[in-house]
Amino acid sequence: MEGNMLVTGTNRGIGLELVKQLAETTGEEAHIYACCREPEAATAKDLRDLSTQYPGQITIIKLDTSDEKSICAAVKAVSEQVGSGGLNLLVNNAAINIPAQPAPMSATNKQHMMDVYETNVVGPFLLAKMFLPLLQRAAESHSPDKDKGEEMSCRRSAIINISTLLSSIEKCPETFPMAQMYSYRSSKAALNMLTRCQAEDLKVHNILVAAIHPGWVQTDMGGEEAPLSTHDSVLGMLAVMSSLSQKDCGRLLDWQGNRIPW
Ligand SMILES: NC(=O)c1ccc[n+]([C@@H]2O[C@H](COP(=O)([O-])OP(=O)(O)OC[C@H]3O[C@@H](n4cnc5c(N)ncnc54)[C@H](OP(=O)(O)O)[C@@H]3O)[C@@H](O)[C@H]2O)c1
């Protein structure tokens, strides 16, 4: 991976590990914009420590993905820094999952449905829309030699939406007994459609759009009994992202590169 990369929701969980492994595996040829709601808060200490470990490689950006004004301010801050290179990679990772699991229909109310949709779907939509000029700039300025002639890649210009196996309508009969999660599942199925629409829309600009399921991962959201560490999930996802090409545009893949049916 290389160039200018932006990840949302990076103060903990999968987002924090994404920033860590991106910083470890890229050098001065990459710059990571690590977004979080409250950069100064105690909850962002691990992220601040990480950015100190990689001076000049990580910039922390204040961003609440459910707040349009906050997105505007983040776009302005990043656009002042990336220059002519634009933004090569946008990873929409931030998400919420309420009410608490197993989240049956009886425990889910209108506000849960609205809040989850706002963060998990509207946020990624607005981020893609508002970062589009920078993504286009990256796609246009990328030299085909540098990219081994590939028309689309995460090195050139891409949007990766972090989805979930639970978004799969086809797999619902298998996964529903484990976790009902009406609001979360519906939002991620909508995120998949957003991915598919933007893949169609943005292919003319050579911007790759795909969705990735990180596996069931030990985080605040995934819980302690999850089988995968953030380290292994992110290692897999970054390998998948590095290998994505035009044929993967608009697909939902898991952290090992397997296709998940819609
Ligand atoms: N863990 C799993 O097993 C699993 C499985 C499938 C898919 N996923 C997906 O993987 C991604 C990361 O999940 P995770 O397990 O790392 O979750 P997590 O531990 O709950 O972390 C969620 C992150 O998103 C941030 N966030 C939430 N709402 C935000 C907002 N409005 N603005 C900015 N940041 C916001 C949180 O920041 P705050 O600290 O400020 O709340 C936190 O940094 C999500 O898209 C999730 O749906 C996870």
Side-chain angles (χ1 to χ4, degrees), residues 6-21 33-48 50 60-74 90-103 112 114-127 159-168 171 175 178-179 181 183-192 194-195 210-234 236-238 240-241 252-256 260:
L6 183 141
V7 185
T8 65
T10 64
N11 57 306
R12 58 191 169 98
I14 291 167
L16 180 65
E17 184 66 23
L18 272 167
V19 176
K20 181 168 180 270
Q21 290 192 29
Y33 294 92
C35 301
C36 80
R37 277 197 261 217
E38 304 215 45
E40 309 303 330
T43 48
K45 183 178 183 307
D46 292 347
L47 179 61
R48 291 197 298 274
L50 187 63
I60 301 177
I61 302 280
K62 185 174 172 67
L63 172 63
D64 180 338
T65 61
S66 65
D67 175 353
E68 197 166 3
K69 282 195 187 131
S70 174
I71 301 175
C72 273
L90 163 63
V91 182
N92 282 312
N93 167 75
I96 56 170
N97 179 13
I98 52 170
Q101 289 184 41
H112 294 134
M114 301 303 279
D115 289 351
V116 172
Y117 194 81
E118 184 169 53
T119 300
N120 297 5
V121 189
V122 182
F125 170 78
L126 289 176
L127 277 152
I159 300 170
I160 300 297
N161 292 323
I162 304 298
S163 188
T164 169
L165 178 67
L166 301 181
S167 68
S168 171
K171 294 269 179 194
T175 59
M178 289 183 273
M181 297 187 195
S183 52
Y184 182 71
R185 283 171 179 276
S186 311
S187 74
K188 293 289 187 173
L191 181 69
N192 291 349
L194 177 69
T195 305
I212 301 188
H213 160 56
W216 182 16
V217 189
Q218 292 148 15
T219 63
D220 294 338
M221 189 186 288
E224 283 169 7
E225 72 277 33
L228 264 182
S229 64
T230 53
H231 176 271
D232 291 352
S233 163
V234 168
M237 285 199 290
L238 289 181
V240 171
M241 285 187 213
L252 168 62
L253 303 169
D254 72 10
W255 82 106
Q256 293 174 310
I260 298 176

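Atoms within a ligand are numbered from 1 in the order they appear, just like the ligands themselves.
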Check: A41 main-chain N/O paired with R48 side-chain donor or acceptor under 3.5 Å: yes

List the residues meeting ring-ring contact (aromatic ring centres under 6.0 Å, His included) with Y33, not counting sequence neighbours, and say none if there are none. H31

Residue contacts for ligand 1, heavy atom to ligand atom, distance under 4.0 Å: G9, N11, R12, G13, I14, R37, L63, D64, T65, S66, N93, A94, A95, I96, T119, I162, S163, T164, Y184, K188, H213, P214, G215, W216, V217, T219, D220, M221, G222

If you look at every heavy atom in A190 and V121, which pair is closest and at what distance? CB-CG2, 3.9 Å

S233 side chain to P214 backbone, donor-acceptor under 3.5 Å: yes

Where do P227 and W216 come nearest, in terms of heavy atoms and distance? CD-CE3, 3.4 Å

Flag, side chain of T10 to backbone of C35, donor-acceptor distance under 3.5 Å: yes

